[in-house]
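In the text below, chain A, chain B and the rest are named by the order of the sequence lines, each starting its count at 1. The figures here come from the full heavy-atom set of this structure, side chains too, leaving out hydrogens, waters and symmetry mates.
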There are 2 protein chains.
Amino acid sequence: MSKHEHVSLSVIRRLPRYYRFLGDLVKSSVSRISSRELSQRMGLTASQIRQDLNCFGGFGQQGYGYNTRSLQGEIGSILGVGGEYPAIIVGAGNIGRAIASNIDFGNMGFNLVGIFDVNPEIIGTKIKDVTIHDISSLEEFCKKKHPMIAVLTTPRDAAPDIAERLAKLGIVGFWNFSHYDLSVKYPNIAVENVHLGDSLMTLCYMIKNIGGEVTGDTNNV
Amino acid sequence: MSKHEHVSLSVIRRLPRYYRFLGDLVKSSVSRISSRELSQRMGLTASQIRQDLNCFGGFGQQGYGYNTRSLQGEIGSILGVGGEYPAIIVGAGNIGRAIASNIDFGNMGFNLVGIFDVNPEIIGTKIKDVTIHDISSLEEFCKKKHPMIAVLTTPRDAAPDIAERLAKLGIVGFWNFSHYDLSVKYPNIAVENVHLGDSLMTLCYMIKNIGGEVTGDTNNV
DNA sequence: TAGATTGTTAATCGATTAACAATC
DNA sequence: TAGATTGTTAATCGATTAACAATC
């Protein structure tokens with residue numbers, strides 16, 4: 001699918017943002033845009049946008065620019081948002097519930113098929129049509145439904161055991177909200193960490209050192 | 001405070017992770033560690049760790065390594081986690097409530113002083129001892145309490161207006177969970193974006209292209 | 001055709017890694 | 001003292017920016 005075999009993570013991480021901005025443009029009935037115009041809206045350089053897109057193919061037209069709708073489509077298919085990878089959430093606490101309610105899994109390439117928790121009071125209840133199961137039924141469930149990714153929102157202490165069980169069950173990606181660091185232990189599983197504490201601490205540094213002491217794009221997350 | 005004036009954001013973003021790992025080591029009663037040992041635990045190079053730390057000063061001792069407790073303290077004070085910057089949350093939906101309940105603001109340099117929402121049913125109630133106020137009282141509240149950072153967890157449509165009001169009220173940092181991109185409009189305010197959708201799309205790409213097509217550290221968030 | 005803007009190559013810049021002298 | 005490990009400089013690597021020929 002990709003033109004070049006190795007596309008750097010820096011490029012990949014910008015794709016969802018392009019996708020978002022292009023979606024906004026489509027919504028506003030802007031049908032074409034140049035790399036220069038897009039770069040100004042996004043706070044990037046036009047060079048970088050053209051360089052990024054050309055990792056995957058020539059989506060533009062000389063003298064014209066890019067068609068917003070078709071470019072968004074291309075980026076969407078590079079990211080795989082048309083897929084229906086089965087996903088589960090492990091941990092139905094505050095964060096798990098917020099994710100289950102707020103994240104539009106369907107439009108991001110996934111299909112939320114189950115939620116797991118230890119709390120007997122909520123087992124059997126549903127969040128947005130998805131049932132909360134007892135964590136003890138994790139193995140049985142996975143052997144049937146074969147989820148590909150797991151959203152980890154358990155407390156830190158529970159994370160190592162859960163991760164180990166899921167790794168054995170063939171999970172290929174972790175969306176990790178727990179404080180436990182999975183990357184070193186599972187190098188062959190895709191791990192996307194969302195360490196909210198780390199993010200807040202970074203903000204703490206930035207406001208303490210406001211006025212340009214930090215170099216680089218402040219807004220990389 | 002810092003040895004060199006300009007420390008790159010790449011370095012800053014690693015500091016909270018060092019802080020976390022050092023905290024774990026202290027908890028496990030490991031009182032000293034070499035850059036080599038730490039690098040293996042964290043999946044980095046020893047060179048990078050030494051290079052990073054020496055942006056701020058020589059915290060180690062030749063032939064010995066680093067004292068875990070004192071190094072954690074140094075990093076904590078670089079990040080500013082001992083501060084008490086007043087913070088507010090705007091938006092008491094699922095995400096806002098999850099953050100109010102789960103994030104340990106006190107240990108991250110902040111003090112959560114207020115939560116705001118538009119829903120009359122929850123105005124006046126509390127989350128963890130913090131009262132939910134009517135968004136219409138935002139100006140009055142801010143002129144009294146002078147919050148420095150705002151956690152934005154409103155729906156996308158409400159974000160531009162709220163951001164504008166907060167910018168006028170002297171907010172110096174946004175922890176932005178809304179889909180609205182603040183960075184371009186407010187270049188002088190520190191913005192830390194947590195675009196969960198972008199993060200999930202990145203994971204989607206990674207599992208689709210598993211097996212090494214992506215280069216770079218998979219776990220940068 | 002002339003103007004605009006891409007795709008792509010070359011130049012620059014910054015971040016990471018390697019090497020080693022300093023020193024505990 | 002000898003061994004270990006830092007702090008720091010130099011080398012490498014990768015990412016971003018600039019430039020421009022190709023072409024719509």
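When the nucleotides dA15(C), dT8(D), dT17(D) are ranked by their closest atom to the side chain of Q48(A), dT17(D) comes out on top. Considering only the side chain of Q51(A), dT17(D) comes nearest among dT17(D), dT17(C), dT5(D).
N193(B) places no side-chain N or O within donor-acceptor distance of the main-chain N or O of H195(B), the cut-off being under 3.5 Å. A donor-acceptor contact shorter than 3.5 Å is absent between the side chain of R69(B) and the backbone of G23(B).
Here dG7(D) presents its P atom at 6 Å from CD of Q62(B), a figure rounded to the nearest Å. Regarding M42(B), its CE atom lies at a distance of 13 Å from the P atom of dT17(C), rounded to whole Å. Here the C1' atom of nucleotide dT6(C) and the CZ atom of R32(A) are 12 Å apart, to the nearest Å. Between the CG atom of N54(A) and the P atom of dT16(D) there is a distance of 15 Å, rounded to whole Å. Counting to the nearest Å, the P atom of dA4(C) and the CG atom of N67(A) are 21 Å from each other. Summarising the geometry, the separation between CZ on R13(B) and P on dA15(C) is reported as 13 Å, rounded to the nearest angstrom. Here dA15(D) presents its C1' atom at 10 Å from CG of D52(A), a figure rounded to the nearest Å. In this structure, I12(B) places its CD1 atom 16 Å from C1' of dT16(C), rounding to the nearest Å.
Residue Y64(B) places no side-chain N or O under 4.0 Å from the OP1 or OP2 atom of dG7(D). Distances shorter than 4.0 Å separate some side-chain N or O of R14(A) from OP1 or OP2 on dT16(D). For the pair R50(A) and dG7(C), the criterion of a side-chain N or O lying under 4.0 Å from OP1 or OP2 is not met. Applying the 4.0 Å criterion to OP1 and OP2 of dT17(C), one finds that T45(B) has a side-chain N or O inside that range. Regarding contacts with the backbone of dT6(D), every side-chain N or O of Q61(B) stays at 4.0 angstrom or more from both OP1 and OP2.
Remark: dC20(C) base-pairs with dG7(D); criterion is Watson-Crick or G-U wobble with both hydrogen-bond distances under 3.5 Å. In this entry dC13(C) has dG14(D) as its Watson-Crick or G-U wobble partner, both defining distances falling under 3.5 Å.
Atom CE of residue M201(B) and atom CD of residue E192(A) lie 12.5 Å apart, to the nearest 0.5 angstrom.
Between F110(A) and F105(A), the two ring planes are perpendicular [angle over 60°; tilted spans 30° to 60°]. Note: F174(A) and Y186(A) have tilted aromatic rings, judged against thresholds of 30 and 60 degrees for the angle between ring planes.
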- Message: Go through it in stages, so that I can follow the logic: the residues are R32(B) and N67(B), the test is side-chain contact (heavy atoms from CB on, under 4.5 Å), and I'd like the CA-CA distance, side-chain angles, deciding distance and then a yes or no.
- Response: CA-CA 4 Å; R32(B) 73 181 256 201; N67(B) 177 287; 5.7 Å; no
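Using a 4.0 Å cut-off between a side-chain N of Lys or Arg and a carboxylate O of Asp or Glu, D181(A) and R41(B) do not qualify as a salt bridge.
Counting any heavy atom pair closer than 4.0 Å across all strands shown, S47(B) reaches a base atom.
Screening V113(B), T154(B), I95(B), T153(B) for a side chain to side chain contact (heavy atoms under 4.5 Å, CB included) with I89(B), the sole residue that qualifies is T153(B).
Residues from residues 33-41 of chain B that place a heavy atom under 4.0 Å from any atom of DNA chain D, listed by number: S34(B), S35(B).
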